[in-house]
Amino acid sequence: MSLTIYNTLTRTKEPFQTLTPNRVKMYCCGVTVYDYCHLGHARSYIVWDTVRRYLQWRGYAVEYVQNFTDIDDKILKRADVEQSSMQAVAEKYTAAYFEDLHRLNVRDADSYPLATKHIQEIQDLIADLETKGFAYAVDGDVYFRVRRFDEYGKLSKRNLEDLRAGAGERVEAADPDQIKKEDPFDFALWKAAKPGEPSWESPWGNGRPGWHIECSAMIQKQLGDTIDIHCGGGDLVFPHHENEIAQSECAHDRRPLSTYWMHNGMVKLSGEKMSKSLGNFITIRKLLDDYRDGNHQPIDPMTVRLFVLTAQYRKPMDFSDASITAAGQSWQTIKDGMLFGYEFGEKLGWDNLDPIRADTPATIAEVDRFRTAADDDFNFAEGLVVVFELAKELRKVGNIITHDSEQTADPMLLKDKWQTLIELAGVLGLEVNPDELKVQVSGLSDAEIESLLTERQIARANKDFATSDRIRAQLTEEKIVVIDKAGVPSTWYRG
RNA sequence: GGCGGCAUAGCCAAGUGGUAAGGCAGAGGUCUGCAAAACCUCCAUCCCCCAGUUCAAAUCUGGGUGCCGCCUCCA
C-alpha cells in the first residue's frame, strides 16, 4: 500500500514519490498579515499541519516552509487606519496568527520567510527573468510577459484565449496600469514606489515587489528550484499559483516548481465562501473566546480541529451552529476515550500510563485501517472512523467502571487500544491534557458533596422528593452527576 | 460569458463496478421515586433527475437540473 495524493496539476490521484527518498520539501502559502485569521484560514493551516504530521508519522522527514506576506496594499491601508506603520501592522497580526493557530494545535513550520527579508532574492529573480526575456520594465514597473510562457494556465486549466473571452471589458476597467502592459494578463513583478509608501532601491527605480514573485523567490531560497508539495487554499490556484509556476519555471529552464500541487476547499458561511471581502467571516479568536454553540457551550479548540478534519480537505464545507455543535459532541466522545487511560489505568492495574503504543496484533490492525484510509489522499474523515470506534469502546468500559459494575475486558488489551487511540488521534493533532481530570470543576469538596448526598438520601428515604430534587439540582449546578440505584447508595462523579 | 468542482438519511460525512462506513441528532428499552448519565436495540430497499453500458452501477458513459469556487485581493 502506498500513499496517493490528488494533484491539482493533473486533476488525478497519483502515487506519492519524493524527489529524495524519505524526504519531503513542502511549501504552504501563508497569510497576508493585515487582520486576524478567520475560520477559513484555520481550516487551511489545520489541514496542511495534519498532512505534515501524517507524512512524518509515515516516516518522511518533512521540511515545511510557510511564508508571511508583509508587503501589501491591504497592510498599508490598515496601517493608515490604525495610525501605524506597515511593519507594526505586520508584526501585530503575525503575532496574532501564532496565538490563534497555536491554540488550534497547529505546529510551527520549520521556517517562516518574510517578503521584506527577501528583497534581494526577489530582485535577482526578476532580473533573471528580464534577462531571459520573460519580463519587461515600464516606467519603474516590471511585468511578467505571459505570452512567452506557452504552458501558462496549466495549473488552473485555462488558456489565455479563455481568459480574454471570459474577462471581457472587466480587465481593462480594473487596473489603471493596464495600458502599460503588453498583454492584459501580464502581471506585476515589481511596482514603482508611490509617494509615502515603503520602497526599496532596485535596478528599475524605487519600488516594492508584486505579490506572486515573493513566493517564487522564497521557495527558491529556502527549498530549491523544485519541491515536492506546494499547498494552499483553492482560491489561490488562479492567478497566484499559476503565476508562481510561470515565474519559477521560466527562470529555471522549465524545471517544475513543484511535483504535487494541493489545494484545500473553502469554508462557507450560509452557503457562501467565508472571506474578508464579503464580510461573512468569523475569526478564530472570536470563535474560541466568544462563540457559544447550540448547547450554550464555548468552543473547544480541538472541536475546531475535529470539525475541519471531518470533511475531505478538498471539498467545500459549511460552518453553522449545528455543524460546530455536532463537532463539539463528537469531540467529547473522543476526549472521553483519550482520557480513559489517565482516569482508569491505575484501577485496571496498568504498570504505567505511558501512551506510547507497542506493536501487538490488535494495535497493528487498527493502525493499518487508519493508514489505509489516510493513504488515500489524506482521507482523514475515514481514518476518524477508527478513532471513534476506539474512543467509544473505551468510554463504554470507563462508564461501566464508574457505575461500579463488573468490568470484564482484558486490561492489557484496553491499554493497547488506549495507546492506539492516543497515537492515531495525535497524528490528527487531537490531544487531551490529563490534568483536565484533576481540575476541580466544582467548588465543592468531596466531603461537602458526600454530606449533601447523605442529606438527600434521608429525604429520599422519607419520600421527600422535593428536597431530594432540590439537592440534586444544586449538585447539577456544580457539575456533579448523581446516579441513583435501588438498594445501594447513590454514586456521583464530576462531569 | 469563460474555466473548474460538487450533488449519498433530519444534519455532517465515507464509499469510485458486486449489492449503502462512521459521527451528531432522533425513537424504543434497561436503570431510577422521577430524572440525569451510561448501556442495549432501531434509524437510507437506496445514493439529484432521465437515458445508456454491464450478469451486476451511488460508483462507468451521454444529456439535464441545482449548488459552489475561480476569472479582482483572498486560506
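Excluded from the calculations below are hydrogen atoms, water molecules and symmetry mates; all remaining heavy atoms, backbone and side chain alike, are included. Per chain, numbering begins at 1; letters A, B, ... match sequence-line order. Predicted model, so just to flag it, every value in this text is computed and none were measured.
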Of all the nucleotides listed ([options]), which has the minimum atom distance to the side chain of [X]?
X	options	value
K392(A)	rG33(B), rC24(B), rA75(B)	rC24(B)
A486(A)	rA75(B), rG22(B), rG33(B)	rG33(B)
A381(A)	rA21(B), rA14(B), rU32(B)	rA14(B)
V481(A)	rC24(B), rA36(B), rG15(B)	rA36(B)
K268(A)	rC68(B), rA75(B), rG33(B)	rC68(B)
R158(A)	rA75(B), rG23(B), rC3(B)	rC3(B)
F388(A)	rG33(B), rC39(B), rG23(B)	rG23(B)
F238(A)	rC71(B), rA38(B), rA75(B)	rC71(B)
N399(A)	rA36(B), rC39(B), rC70(B)	rC39(B)

Can you tell whether the side chains of E151(A) and K154(A) come within less than 4.0 Å, N to carboxylate O? yes
Between E455(A) and R460(A), is the closest basic N to carboxylate O distance under 4.0 Å?
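Here R460(A) does not pair with E455(A) in a salt bridge, since their nearest N and O are not under 4.0 Å apart.
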Go through the N and O atoms of the side chain of [X] and the base of [N], and report whether any donor-acceptor pair is under 3.5 Å.
X	N	result
T333(A)	rG23(B)	no
K157(A)	rC3(B)	no
D484(A)	rC34(B)	yes
N159(A)	rG2(B)	no
R456(A)	rG33(B)	yes
R472(A)	rC34(B)	yes

task = Verify whether one side chain among E214(A) and N67(A) offers a donor that lies under 3.5 Å from an acceptor in the other.
result =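 Result is yes, a qualifying pair exists.
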For [X], report the nucleic acid contact type (base, sugar-phosphate, nothing); a contact means any heavy atom under 4.0 Å.
X	value
K396(A)	sugar-phosphate
G153(A)	nothing
D376(A)	sugar-phosphate
G30(A)	sugar-phosphate
V237(A)	nothing
D318(A)	nothing

Could you check how far [atom1] of [X] sits from [atom2] of [N], rounded to whole Å?
X	N	atom1	atom2	value
H263(A)	rA75(B)	NE2	P	13 Å
M302(A)	rG23(B)	CE	C1'	18 Å
L278(A)	rC68(B)	CG	P	12 Å
L9(A)	rG4(B)	CG	P	15 Å
L163(A)	rC70(B)	CG	P	15 Å
L475(A)	rC34(B)	CG	C1'	16 Å
K273(A)	rC68(B)	NZ	P	14 Å
L309(A)	rC12(B)	CG	P	18 Å

- Task: Using the aromatic ring of F465(A) (for Trp, its six-membered ring), decide whether it stacks on the base of rG33(B) within the limits of 5.5 Å and 30°.
- Result: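 F465(A) ring centre within cut-off of rG33(B) base, planes near parallel; stacks.
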Can you tell me if the side-chain N/O atoms of [X] get under 4.0 Å from OP1 or OP2 in [N]?
X	N	value
K315(A)	rC68(B)	no
N462(A)	rG33(B)	no
Q312(A)	rA14(B)	no

Do [X] and [Y] form a cation-pi contact, if we require the NZ or CZ to be under 6.0 Å from the six-membered ring centre and within 45 degrees of the ring's axis?
X	Y	result
R11(A)	Y6(A)	no
K276(A)	F281(A)	yes
R147(A)	Y152(A)	no

For [N], which nucleotide in any strand shown is its Watson-Crick or wobble partner with both distances under 3.5 Å?
N	answer
rC42(B)	rG26(B)
rU53(B)	none
rG33(B)	none

| Where does the angle between the aromatic ring planes of H230(A) and W261(A) fall among parallel (under 30°), tilted (30 to 60°) and perpendicular (over 60°)? | parallel
request  = Give a yes or no answer on whether the side chain of E242(A) reaches the backbone of G153(A) with a donor-acceptor pair at less than 3.5 Å.
outcome  =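 Flag set: sc E242(A) to bb G153(A) pair under 3.5 Å.
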